[in-house]
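Model, not experiment: these values are computed from the prediction. Residues: numbered from 1 along the sequence shown.
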Amino acid sequence: MALQNPEARAELKGNRSPGMAVDLEPRWGRRQWLLGTGAIAAGLLLGGCGRRNPNDLTVLAIENTVPAQLLQAFQRLANAQGATRGIHLTLLDQAELLMQQLQDWQRDPAGTTIGQGDWRSWIPFLRPAGAGPVGLTGLLGHEWLAGAVRRGWIQPWPDRPAGVTLGDRWQSVIQLNRQGLPDRAGSLWGIPYRWGTTVLVYRPDRFAALGWEPRDWADLWRPELRGKVVLLDRPREVIGLALKRLGRSYNEAQPQSVTGLTAALAALNQQALIYATQDYLQPLLLGDAWVAVGWSHEVVTALARQRSLRAVVPQSGTALWADLWVRPVHAAPESLDLATLWASLAWRSDIAQGLAGWLDAAPAPWLEGDRTAMTASVQRDVLLPTPEQLDRCELLQPLPIESLRQYQDLWVAMRRSVA
């Protein structure tokens, strides 16, 4: 990413990335539900292959996040509302690329137009310089939202879509002021789509002789695991799990003042084999590591193929990640109705019921609303917390820059610690 200032580094190094793109078949048979990248790259998915309306909706997302069923549901609802415009879907393999596009589009001069015949204008990351506003909504990890707001890369949603019910958990990360901080009087900057957990994934064969298996964060400090742990290369995740072990919050505003945290982080660093955000399961598969910290949607995908691995949601609670639909600052206002329809699909009960199976994650309404469909088998297969555990889990909330600097300072000190 082209964000080199200290504030951006402190802010963005704590963010989740989809990481490795593992082409493994999940429990629900993802390949029969998701459209292949080749088909998507070939051109327009919905709306026909004729003349393209400049007010069509362009959806920018990460691979394996938009199931075919969602596209079909959108088409049905759009047709029922008499919409004659189409939808274009572009998939990226890394969330960082989406952030780069938000930055690049922010520089586009508003009102600049491009010829209808230039096909590059319909593929966001190939749009020529000077291309004007686009009918766009993009899928953004919730931890990157505050930075995008502060830098003016996105615009707020003018109204909450019908059927979207946002409780305190969601409001704390998407209802923000212009400084990117939670504010009840702030604007709505994202519409939640899906969420999941940070989990422990491990090699049970390595623990057989020990007589125990990892169940909570405290297990990472056990002497048997020295040099055998893979940690995420994300300050908020790693410092957060250490705070959780100490009975504190992932969202501690003054982490440097927490008694025992510096020592806990130094000890945890001695347990680490490597820090990674991509291919972090490889050391487990090779046998070099025994346990890793990872994101549920990626781990679920790996477990479907790699039967040598197991995973668990930490008993004391964990960090929650979420993906949100956002609107770039230059997104065309004429496409707002379609963008709103698209962003609210996951909140329809008939669609949310199937999203867990299609996405290896939980639909947004399950976080605070009706979770009757979140059965024990779904919880197990998608690595979701039980209702009791969920009360001990936290979305990583936006923090003031001064707090982020403290996390960054602790991170630097932790990584420099030696035996």
Side-chain angles (χ1 to χ4, degrees), residues 11-12 14-18 59-62 65-66 95 98-99 102 106 136-198 236-237 240 249-251 253 295 297 319-329 331 336 339-348 351-352 355 359 361-371 390 393-401 403-404:
E11 179 177 80
L12 296 180
N15 295 327
R16 183 181 58 83
S17 164
V59 174
L60 185 63
I62 309 303
T65 59
V66 179
L98 193 148
M99 283 293 285
L102 289 178
Q106 192 272 340
L136 182 73
T137 182
L139 194 64
L140 187 67
H142 87 279
E143 290 181 54
W144 288 347
L145 186 68
V149 169
R150 275 200 299 273
R151 291 170 178 81
W153 295 351
I154 60 177
Q155 60 179 286
W157 295 86
D159 299 295
R160 183 181 302 178
V164 174
T165 303
L166 302 173
D168 290 340
R169 282 181 184 267
W170 284 128
Q171 288 181 355
S172 68
V173 296
I174 64 176
Q175 195 163 344
L176 312 174
N177 57 30
R178 292 281 176 175
Q179 289 71 49
L181 296 175
D183 188 341
R184 290 279 184 174
S187 299
L188 178 67
W189 295 94
I191 297 178
Y193 175 52
R194 65 173 190 162
W195 61 274
T197 54
T198 301
R236 291 289 302 275
E237 290 277 6
S249 169
Y250 272 88
N251 298 304
W295 294 299
H297 65 301
L320 303 177
W321 58 264
D323 286 329
L324 319 167
W325 293 113
V326 299
R327 295 269 287 162
V329 66
L336 178 61
T340 301
L341 174 62
W342 174 262
S344 63
L345 285 176
W347 291 83
R348 296 176 62 91
I351 295 175
L355 277 180
L359 295 177
W366 285 8
L367 185 60
E368 297 181 290
D370 182 9
R371 293 194 292 269
L390 187 56
C393 296
E394 303 172 77
L395 286 162
L396 299 185
Q397 296 179 4
L399 293 175
I401 291 297
S403 297
L404 295 176

Worksheet entry | Closest heavy-atom pair and its distance - Pro156, Ser187 | CB-CB, 3.6 Å
Worksheet item: Rounded to the nearest 0.5 Å, how far does NE2 of His297 lie from OG1 of Thr65?
Response: 9.0 Å
Discussion item. So, taking the atom named CG in Leu320 and the one named NE2 in His142, what distance separates them when rounded to the nearest 0.5 Å?
Written reply: 8.0 Å
Item to complete: For the residue pair Asn251 and Arg236, establish whether any side-chain heavy-atom pair is separated by less than 4.5 Å.
Response: yes
Worksheet item: Are the side chains of Leu166 and Pro192 in touch, meaning some heavy atoms are under 4.5 Å apart?
Response: yes
Item to complete: Could you walk me through whether Ile401 and Gln179 pass side-chain contact (heavy atoms from CB on, under 4.5 Å), step by step?
Response: CA-CA 10 Å; Ile401 291 297; Gln179 289 71 49; over 6 Å; no
Discussion item. Applying side-chain contact (heavy atoms from CB on, under 4.5 Å) to Trp366 and Leu390, what does each step give before you reach the verdict?
Written reply: CA-CA 11 Å; Trp366 285 8; Leu390 187 56; over 6 Å; no
Worksheet item: Heavy atoms, side chains only, cut-off 4.5 Å: are Ile174 and Leu145 in contact?
Response: yes
Discussion item. Just to verify, what does Asn177 make a side chain to side chain donor-acceptor pair (under 3.5 Å) with, not counting sequence neighbours?
Written reply: none
Worksheet item: Can you name the closest pair of heavy atoms from Leu136 and Ala331 and give their distance?
Response: O-CB, 3.7 Å
Item to complete: Apply the side-chain hydrogen bond (donor to acceptor under 3.5 Å, both in side chains) test between Glu237 and each candidate in Trp321, Trp295, Tyr250; give the one that qualifies.
Response: Trp295
Item to complete: Hey, could you give me the CD/CG distance between Gln397 and Leu176, rounded to the nearest 0.5 Å?
Response: 10.0 Å
Item to complete: Please round to the nearest 0.5 Å and tell me the distance separating atom OG1 of Thr165 and atom CZ of Arg160.
Response: 7.5 Å
Fill in: Pairwise side-chain contact, Trp347 with Ile191, heavy-atom cut-off 4.5 Å (strictly under)
yes
Worksheet item: Any idea which heavy atoms bring Pro363 and Ala352 closest together, and the distance?
Response: CG-O, 3.4 Å
Worksheet item: At their closest point, which heavy atom of Pro400 faces which heavy atom of Leu181, and how far apart are they?
Response: N-CD2, 3.7 Å
Item to complete: Could you tell me whether a side-chain N or O of Gln155 sits under 3.5 Å from a main-chain N or O of Pro328, the two making a donor and an acceptor?
Response: yes
Discussion item. On a heavy-atom basis, which atom in Val329 and which in Gly152 lie closest, and how many Å separate them?
Written reply: CB-O, 3.6 Å
Discussion item. Using 0.5 Å steps for rounding, measure from the CD1 atom of Ile154 to the CZ atom of Arg327.
Written reply: 11.5 Å
Practice prompt. Could you tell me which non-hydrogen atom of Glu368 sits nearest to which non-hydrogen atom of Gly167, and how far apart they are?
Written response: OE1-N, 2.9 Å
Fill in: Nearest-0.5 Å distance, CG of residue Leu396 to OG of residue Ser172
10.5 Å
Fill in: Plane angle bin for Tyr193 and Trp325 - parallel if under 30°, tilted between 30 and 60°, otherwise perpendicular
tilted
Worksheet item: Would you call Leu367 and Leu395 a side-chain contact if the rule is heavy atoms closer than 4.5 Å?
Response: yes
Worksheet entry | Close side-chain approach of Trp189 to Leu140, heavy-atom, < 4.5 Å | no
Worksheet entry | Residue pairs fulfilling salt bridge (Lys or Arg N to Asp or Glu O under 4.0 Å) with at least one residue in residues 164-190, sequence neighbours excluded | Asp168-Arg184
